Amino acid sequence: MQEFVDGLVANPSWVHYLGAMLAFGGIVVFGFVLPIAGITTWVERRVAGRIQSRIGPNRTGPAGFLQWLADGIKSLLKEDIVPDAADAPLFKLAPYVVMTGFVGAFVALPFGGPLIIADLNVGILYITAVTSLVVVGILMAGWSSNNKWSLLGGIRSAAQIVSYEIPAGLSIFPIVMLSGALSMQSIIAEQGAAPWRWFIFNNPFTFIAFFIFFVAALAEGNRTPFDLPEAESELVMGFATEYSGMRNLLFFMAEWGNLYVIGAIVATLFLGGWQIPWALAEHPVPRVALQFGTFFLKSYFWVFVAVWLRWTLPRIRVDQMMIMCWKYLVPLAFVNLLGTAAWMVVFPHGAPGVPELLCVAAAVLLGLFLRRVRYHLTRAGLKREELSYNILATERIPGLG
Amino acid sequence: MGLAGFEVEVQRETRDGGLATEDMTLSMGPQHPSTHGVLRFVIRADGEVMKEAIPDIGYLHRSIEKIAEKVGWHGFMPYTDRVDYVAAMPCNQGWAMAAERLAAIEVPKRGEYCRVIATEFSRIHSHLLSVGSMAMDIGAYTPFTHAIREREYINDLLEELCGARLTFHYMRIGGVGWDLPPGWRDKALAYIKRFEPLIDEFNDLISWNKIYTERLANVAVVSARDAIDYNLVGPNLRGSGVRYDVRRDEPYSVYPDFDFDIPVGRGEMGTVGDCFDRYIVRIREMKESCKIVRQCLEKLPGGPVIAKVPRNFKPPAGDCYVRLESARGDMGWYVVSDGTAFPYRCKIRTGSFAAISIVPKVSRNLMIADLIAVIASLDLVAPEIDR
Amino acid sequence: MAGADAVGGERLMPALEAAAIHARLKARFGDAIGDLAGTRRDNTCATVAPAKIVEVCRFLKTESGLEFDCLSNLSGVDYPKRSVIQVVYNLYSYPHRHLFTLKVDTPRDNPVIPTLSGLWSHADWQEREVFDLLGVVFEGHPDLRRILMPEDWPGHPLRKDFVEPEEYHGISTSRESLLKA
Amino acid sequence: MGLGAYLRNIKDAALTIADGMAVTASHLVRKPYTVQYPDRLPEGVRVQDTLPFRYRGMLEVDLEICTACLACERACPIDCIVIDATKDKAAGGFVMTRFDIDMAKCMYCGLCSEPCPTGSIHHTPEFEGADYSLESMVRKFVKAPVLAYKPKKGGETDPEIAPILERGMRYIAEFASAEGGGGEE
């Protein structure tokens, strides 16, 4: 960045550097970060439609792909009302606090070998810290809109996100212990490309730690079954009841963006990030592209799983949410932490056959699950032409009146 | 409407640390996403835990009982669909039975069979909506769309039978308006064969889900004695363990010809009479209704579907109290006739009116999220409460 | 009470005919009970003096062999010709599966009946509805207010001589028909 | 809550959530059920044509076979049908000057089409009745005063009235099957 600015301007002062950084930041945010949040909305609405026997957006752009752009423009044009009883400054500031929480996390996400904005040596610690800014924004929104439903939503989100930071943090520690460093790139470097070299299959404790981290991350992202702060059927719209127009969109863009951040962190910590099996050292561009592709696929698979969970499970109640965190997730997370520590003492260089065994066990579990899916299909008595494996198909079930 | 009658005295406690806490008074409704129809609850809550939930009804009061006195006996039949538009057929049947009992009209066998088919389909139709919207109130949106998708099939069948999708106006005094159209019988049988496994799929998706059962078990437990005391009827009563169904215990129409059993709450996930029991009784009742419709379609006799009833219908003076099993339980029609062409008085006692009167009792110390579950499990529907 | 034991569903105790029920009532309360009227099972009824309605109902509810544990329906009927408002109680017994109807006549200009909300909890709301729509005052009712109509609604709609007010708080209650002659 | 219950809770949660996800996964491969009304229907298909014969949509009156007997006006519980017919010796029958139906108030109950002797007032499968003003919701069927139809003894001979009458009779036959008991067995 320094040489780039020196080349451009004769004797650059700090103003030029600031301008260049802001310009670069703007390009990255508006060119990459916000479209990712938008594309996640499109993935969610198409998958949700398919699960609910309907189609989902398919009018704007090819297969409805530009739906998020249409929503964005619509929200920009919509009037955003600030209720006069609301505390205006806080009310207006809340969405931007939430957005900084979401966009800030992209700094340390490793999209490829060289493709990282800043390879901080405190990578995962920084991301955990930045993503907890979201709770400040939501609480601010809930309290400042001076509406009882929003207050309830805000308080719920404070209780939820703060208490789920603990199991999330605790299940990151085994990975950090295994890789010996906090920086995201070095965590990935410790893992190999092959599935049995990933940290998830390293030992049974990290296998369980993966699920605990995923559940806790869902709670932090306010995703079902933990979407209590913005529970449509109970609190009208939760903390976002009084918001409208662009402010409302900022909240939900942050929510879907956080969903991608969860996918990215899970892919980095547990699934070997952008590691690809082939070296391809001599031609770097396809190598980086391939790395970026594998990272993208891995994180989007877990975004798909989160969406799939959202359209299957009901919502948990506030007290059950606290019980689940403090009585189930936190103790298990401690067990995993101690287990991994003991594992590293017993097998300093990794147990010989355990990763492969765990990999096979996971494959068997997946097989059982697919058998159960086929059982549901046969029981519902669906004929061949009522099925279609193309998820974007919009053609209707034949034979319906 | 104001808050007259709802003055909730606000308790201000100062706990030991000198910190003053105050109860929050919330008005949930009449425009609220999960009060089914226009219902309003004034809630006094300490944080999330409710101290009191006072229902405030009357927003959908069209005074159907006054309209009955203005339009003739035949003219009131379309209005009975509006008494409970979620399950309209039983209401038609109630009014028709009341008029037939007053004028001692004998409905031909095929007409009674058509009525039973229509009522049982309307019961499945209403239970699907109730079960689907209950899952949505607890937070799962997919079961709602699956339930509504199955409900659309029944809409199409009933649309072909009587020409309307919600307010059917299918039955007439003395029988039913139309006979089964040709080919309808096979479509109905095919639908039942396709629908029964989908109930099990719905159960696997949501009913046995741990989060769902945790949200519903041991919530708002109603004992059998309280249920009878508050005159809870239908699935709400059977959920509390009382095995009572008007179709079997006070037989009317041709129900004695069919055999079906009465599902009762057994407290599988918690205690007998909690929200889960009322919900699971509704699901099992759908299967029973499928059994009845299948037997009905197989034993369908020939002959006319309506008796000769004069267009200017004047039943002899007198009164009658008809009870029939609607989707929301035993619906009582008290009808008085004074021999003229206009009904003198018609009082409709419905299941939801009794069910909402128990909400203040069961909703003490529940959480706000539970109140939504209680409203959904009691299957409250605004038109039936306010009439 | 026996109501709950009917959980098994099979009829625990024999159902009494309306005449038998009426005979026991007559034996107990003498002339406070009118004679048996009605042609079919569902409308066999007896009129009861307003003053005695609470004892009669307590007797019907707690007497072994009767046990009417459910007030199935409570409706008010306005008879301007006899200048009387008649309140009809349809009682039902779950253990016995038998039903009986009581009718109470009160003068139309000042209808007052003792409340039954002490005996059956559902009577509370049903009486409030009859008060709201017909203006019958139920003495001793814990919370006698209008239930369906707004608090300040003039008159009682289900009375035969009710004339709907032109407008309510500025909102007109009628819309001239579009089908002008 | 003993350790057994603790572990059983976790097992129940895991198994039932997995089963629920299996059901939704099976839906990922099923085709949608929804019709893309109104702009992406299959070629040449009009939704109104797919509706069953008995569908009670917007009302329509065939003045050619209307005998001005006012049966429908009496039968309507909402009084949303108004007919002005005066006896006119010169024209030899009733002359109708007005036949209005207020479609805004109509509740599509079908009570008017039942007593009609010739089936002239009947429901059509048309359901798209949205309009810009309440006044325009009033359907005025009589443009110019018309002589009421008198059913002929030996059946209709006039070629362009016969098909209308035949359609009307078929509409009534649908109800007649209610009386006549023409079930398909």
Side-chain angles (χ1 to χ4, degrees), chain A residues 47-56 147-149 151-153 155-156 159 223-228 230-238 241 307-324 328 372-373 375-383 386 397 399-401, chain B residues 24-28 31-35 43 45 47-49 133-146 148-150 152-153 155-157 159-160 187 190 193-198 200-201 204-206 209-216 219 366-373 376:
Chain A
V47 168
R50 188 66 180 201
I51 284 181
Q52 297 180 347
S53 321
R54 53 187 174 82
I55 295 169
N147 161 349
K148 289 183 181 122
W149 301 111
L151 180 66
L152 278 176
I155 304 293
R156 279 184 179 184
R223 295 289 301 180
T224 302
F226 303 99
D227 66 346
L228 290 137
E230 169 251 329
E232 284 87 5
S233 52
E234 286 152 25
L235 305 177
V236 186
M237 268 299 278
T241 312
V307 163
W308 179 12
L309 261 173
R310 172 174 185 176
W311 300 103
T312 314
L313 299 181
R315 184 178 306 118
I316 217 160
R317 209 176 43 203
V318 181
D319 56 333
Q320 291 164 348
M321 177 257 290
M322 297 308 272
I323 289 170
M324 182 167 169
Y328 286 89
R372 183 71 184 170
V373 170
Y375 162 75
H376 283 305
L377 279 174
T378 44
R379 181 179 59 179
L382 289 162
K383 290 183 280 305
E386 283 176 348
I397 286 263
L400 277 183
Chain B
M24 183 163 65
T25 312
L26 266 164
S27 161
M28 176 186 281
Q31 283 81 19
H32 185 273
S34 52
T35 51
I43 301 172
E48 286 270 344
V49 178
S133 63
M134 179 162 177
M136 186 164 72
D137 289 349
I138 309 284
Y141 298 96
T142 310
F144 178 74
T145 35
H146 293 176
I148 292 299
R149 176 195 71 209
E150 293 316 314
E152 276 310 307
Y153 279 104
N155 270 351
D156 293 346
L157 282 174
E159 178 185 53
E160 200 172 335
K187 273 190 196 161
K193 196 164 78 65
R194 180 192 165 287
F195 177 60
E196 265 161 349
L198 291 183
D200 303 334
E201 178 181 290
D204 288 346
L205 174 62
I206 193 75
N209 190 305
K210 182 70 178 168
I211 299 173
Y212 196 70
T213 47
E214 270 319 301
R215 276 291 301 272
L216 293 178
V219 170
L366 288 182
M367 310 196 74
I368 291 181
D370 288 335
L371 179 65
I372 310 280

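All heavy atoms count here, side chains included; hydrogens, waters and symmetry mates do not. Please read all numbers here as calculations on a predicted model, not as lab measurements. So you know, we letter chains A, B, ... as the sequences are listed, proteins then strands, and number each from 1.
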| task | Give the member of A:Met324, A:His376, A:Arg156, A:Arg379 that has the highest number of heavy-atom pairs under 4.5 Å with chain B. | result | A:Arg379

| task | Could you check which of B:Asp204, B:Ile206, B:Leu371 has the highest count of heavy-atom pairs closer than 4.5 Å to chain A? | result | B:Asp204

| query | Are the side chain of A:Gln320 and the backbone of B:Glu214 linked by a donor-acceptor contact shorter than 3.5 Å? | reply | yes

| remark: Nearest heavy-atom approach of A:Gln52 to B:His146 is CA-NE2, 4.1 Å

| task | Can you tell which part of B:Arg149 gets under 4.5 Å to a heavy atom of chain A, answering side chain, backbone, both or neither? | result | side chain

| query | Which distance, rounded to the nearest 0.5 Å, do you find between the CZ of B:Arg194 and the CG of A:Leu382? | reply | 8.0 Å

| field | B:Ser27 versus chain A, the contacting section by heavy-atom distance below 4.5 Å | value | backbone

| task | Check whether any side-chain heavy atom of B:Val219 sits under 4.5 Å from a side-chain heavy atom of A:Arg317, and report yes or no. | result | yes

| field | Non-neighbouring partners of B:Asp137 that pass salt bridge (Lys or Arg N to Asp or Glu O under 4.0 Å), sequence neighbours left out | value | none

| request: Determine the minimum heavy-atom distance between B:Gly47 and A:Leu152, stating which atoms define it. | output: O-CD2, 4.2 Å

| task | State, yes or no, whether a side-chain contact exists between A:Lys148 and B:Ile43 at a heavy-atom distance under 4.5 Å. | result | no

| So, do B:Thr145 and A:Ser53 sit near enough that their side-chain heavy atoms are less than 4.5 Å apart? | no

| note | Heaviest contributor of heavy-atom pairs below 4.5 Å to chain B, chosen from A:Gly381, A:Pro225, A:Pro314, is A:Pro314

| field | Residue part contacting chain A, namely of B:Met136, when any heavy atom lies under 4.5 Å | value | backbone

| said: Can you tell me which portion of B:Asp200 sits under 4.5 Å from chain A's heavy atoms? Options are side chain, backbone, both or neither. | reply: both

| Does a salt bridge link A:Arg54 with B:Glu152, judged by any charged N lying under 4.0 Å from a carboxylate O? | no

| request: Pick whichever of B:Glu160, B:Lys187, B:Glu201, B:Glu196 has the most heavy-atom pairs under 4.5 Å with chain A. | output: B:Glu201

| note | Heavy atoms of B:Thr142 and A:Thr312 approach each other most closely as OG1-N, 4.3 Å

| Heavy-atom pairs under 4.5 Å with chain B, option from A:Leu151, A:Leu228, A:Ile316 with the top count | A:Ile316

| Proximal component of B:Ile148, with respect to chain A [non-hydrogen, under 4.5 Å] | neither

| Pairwise distance NZ(B:Lys210) to CG(A:Leu313) - rounded to 0.5 angstrom | 14.0 Å

| Most heavy-atom pairs under 4.5 angstrom with chain A, which of B:Leu26, B:Ile372, B:Asn209? | B:Leu26

| request: Please flag which part of B:Ala369 lies under 4.5 Å from any non-hydrogen atom of chain A: side chain, backbone, both or neither. | output: both

| task | Please report the closest heavy-atom contact between A:Glu234 and B:Arg215, naming both atoms and the distance. | result | OE2-NH2, 3.4 Å

| request: Please state whether the side chain, the backbone, both or neither of B:Ile138 comes within less than 4.5 Å of a heavy atom of chain A. | output: both

